[in-house]
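The structure appears right after this line, and notes come after that.
In each ligand, atom 1 is the first atom listed, and ligand 1 is the first ligand listed.
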Amino acid sequence: MDLIETFAEDPRIAIRNGASPDPHGRCVIYWMRRAQRSFDNPALESAIALANALEKPVVVFFALRTHHPHANLRHFTFMIAGLADTAAGLERRHVGFAMRLSEARHAGDDFARFAAETRPAAIVTDRNPLASIDAWRRAIPDELRVPVLNVDADVIVPTALIGREHYAARTIRPKIHSQLERFLVPVGRRRVRVPWRQPRGLQSINPSRELLDALALDRTVAAAPDFTGGTTAALARLKRFIDGGLAHYAARRNAPQLQGTSELSPYLHFGQLGPHTIAIAARDAAAPDEDRRAFLEELIVRRDLAIAFTTYNRRYGALGSCEPWALRTLERHAQDPRTHRYSGRQLEQAETHDALWNAAQRQMVDAGWMHGYMRMYWAKKILEWTPSPRDAYQIAVRLNDRYELDGRDPNGYAGIAWAIGGKHDRAWGPERPVYGTVRYMSAASTGRKFDSKAYIARWLGRAGAR
Ligand SMILES: Cc1cc2nc3c(=O)[nH]c(=O)nc-3n(C[C@H](O)[C@H](O)[C@H](O)COP(=O)(O)OP(=O)(O)OC[C@H]3O[C@@H](n4cnc5c(N)ncnc54)[C@H](O)[C@@H]3O)c2cc1C
C-alpha cells in the first residue's frame with residue numbers, strides 16, 4: 001500500500017489532495033499550531049514516520065502571531081516558556097525548530113514563505129478545534145503541491161469519528177467509551193532517521209525572555225504567578241496531582257478553597273501536555289476507581305464534547321450557538337427587572353455586592369485561573385446582572401478569553417454556553433426571573449457547599465470575607 005494511503009486509514013488524519021511527496025523535497029515540515037510539545041504528539045509522530053519513509057529530516061515551523069485581540073503578556077509569557085521547552089525537546093530528538101514572528105495577515109502566507117525556503121516533500125499540521133473541520137485545507141496555499149496531513153493531535157477520540165455536535169454528555173459518552181480501547185493508548189516515540197541540519201541563513205528567532213520583552217503585546221494583563229509554562233512544569237504538576245490530588249478528586253473537585261483539581265487546563269490549552277499523557281497516568285494510577293472515573297469523565301467526555309461543539313457549531317462564541325429551548329426561555333425573560341445591574345467595567349474590576357463572585361473574579365484576574373466550580377457561578381451571575389443574555393454572553397467571553405490562561409479554548413466557549421445558554425444541559429424548574437428555565441445557582445446554596453469564607457479570604461483578603 002502507498003505510504004499516504006496508510007495514513008488515510010487513520011481517523012485522526014485528514015489528507016489534502018492526491019499529490020505525491022516531492023522526491024526533490026528537502027524535508028517534511030510540521031507546521032505546529034496547537035500541539036506545542038515535543039513528545040506524545042500524534043502530529044509530530046506522523047511527520048517523523050513520513051520523513052523516515054522518505055529518508056528526509058523533519059523541521060517544525062511555528063509562527064508567533066502577536067496581532068490578535070488577546071495577545072497579552074500573561075498568555076505569551078506562558079506560551080514562550082513552553083516553546084523554549086519544546087525547542088529543546090525537539091533538538092534532543094534531532095528535529096529542527098524554526099520560529100518566526102508572523103508578519104502576514106494570513107497565517108498561510110508566513111507558512112508559504114518558509115516552505116519556499118525549505119522545499120518540503122510533504123507537510124503535516126495539527127488540528128485547530130476552534131476552526132471548522134475543513135479550515136486547514138485553505139490555510140496551506142494551493143501552490144504547495146505536496147501531500148498535506150492534518151492530524152487531530154489533542155483529543156483522545158478523533159473528532160471526525162464524533163462527526164457532529166452532541167446534545168449532551170449522555171449522548172456523546174457511549175460513542176467515546178466505545179472507542180477508548182482503540183485510542184486511549186500511548187502515542188509512542190519514533191526515532192528520527194535523518195537528523196535535521198539547520199541550513200545556513202535560515203531565519204529563526206529564539207523563544208526567550210529577551211523576545212518576550214521585545215514583543216508588542218498588551219502588557220496590562222500580568223504573567224500568571226503560579227503557572228510556569230512548558231512541558232517540564234506540566235509533567236511536575238501532573239505527578240503532584242496523580243500522587244496526591246487524584247485520590248480525593250470526586251470529593252474535593254467542587255471545593256474551590258482546596259487544591260482539589262489538576263489545574264492542568266492551561267497546559268492542555270497550549271498543547272504543552274497531550275491528553276493521552278494525562279489520561280493514561282490517571283487510568284493507571286493507584287487512586288480509587290470513583291476518583292479515576294470522575295477525572296476521566298471531565299478530561300475525555302466533557303472535553304471532547306466541548307471540542308465537538310466548537311468544531312461543528314460555528315456560532316460557538318455567541319448566544320446563538322445555544323439550544324432553541326434556552327433561547328426561547330431567555331427571550332421570554334429578557335425584560336425582567338434585574339435586582340442588580342453592572343457594567344462590563346464594574347464586573348471586570350470585581351465591584352459587585354457579592355463577595356463570593358468578586359473573589360472568583362479576582363482569582364481570574366490575579367491568578368489567571370479560576371476554579372471550575374466558581375466558573376459556573378461566575379458566568380450565571382453575569383447573566384443575572386447585565387441588561388440582556390446577549391450582553392452577558394459577550395462580557396463572559398471577553399473576560400474569560402482575556403484573563404484565563406486557558407481562555408480561547410473550546411472548553412471556555414462550551415462552559416459559557418452551558419452556564420448562560422443551557423448548552424449540554426436541560427430545562428430546570430421552577431421558572432425564574434431572568435433565567436427562565438436555564439439552571440439557576442444561588443449565592444447562598446453555592447456558598448454553603450464549600451468553605452466559601454476561606455475562598456473569599458484568600459482572594460479578597462480577610463476584610464472581604466466578613
Ligand atoms: C463559565 C465557564 C468557563 C470555562 N472556561 C474554560 C476555559 O476558558 N478553558 C478551559 O479549559 N476550561 C474552561 N471551563 C471548563 C472547566 O471549568 C475547566 O476546564 C476546569 O475547571 C480546569 O481546571 P482543571 O484543569 O483543574 O480541571 P480538572 O478538574 O482537573 O479536569 C481535567 C481536565 O478536564 C477538562 N475539563 C474539566 N472540566 C471540564 C468541563 N466542564 N468541560 C470541558 N472540559 C473539562 C479540562 O481540560 C481539565 O483541564 C469553563 C467552565 C465554565 C462553566
What side-chain donor-acceptor pairs closer than 3.5 Å can you find for residues 222-235, not counting sequence neighbours?
from: Thr231; atom 1: OG1; to: Gln272; atom 2: O; distance (Å): 2.7
from: Thr232; atom 1: OG1; to: Asp85; atom 2: OD1; distance (Å): 3.2
from: Thr232; atom 1: OG1; to: Asp85; atom 2: OD2; distance (Å): 2.8

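You'll find the side chain of Leu264 reaches within 4.5 Å of the side chain of Leu238, heavy atoms only.
Ring orientation note: the planes of Trp369 and His371 are nearly perpendicular, at an angle over 60° on the 30°/60° scale.
Side-chain polar atoms of His333 and Glu431 form a donor-acceptor pair below 3.5 angstrom.
Judged as a salt bridge (Lys or Arg N to Asp or Glu O under 4.0 Å), the pairs with a partner in residues 240-259 (not counting sequence neighbours) are, in order, Lys239-Asp243, Arg253-Glu298.
Scanning for side-chain contact (heavy atoms from CB on, under 4.5 Å) contacts around Arg164 gives His166, with sequence neighbours left out.
Every protein residue with a heavy atom nearer than 4.0 Å to ligand 1 is included here: Tyr249, Thr261, Ser262, Glu263, Leu264, Ser265, Leu268, Phe295, Glu298, Leu299, Arg302, Arg303, Trp369, Gly372, Arg375, Met376, Ala379, Asn400, Asp406, Gly407, Asp409, Asn411, Gly412, Gly415, Ile416.
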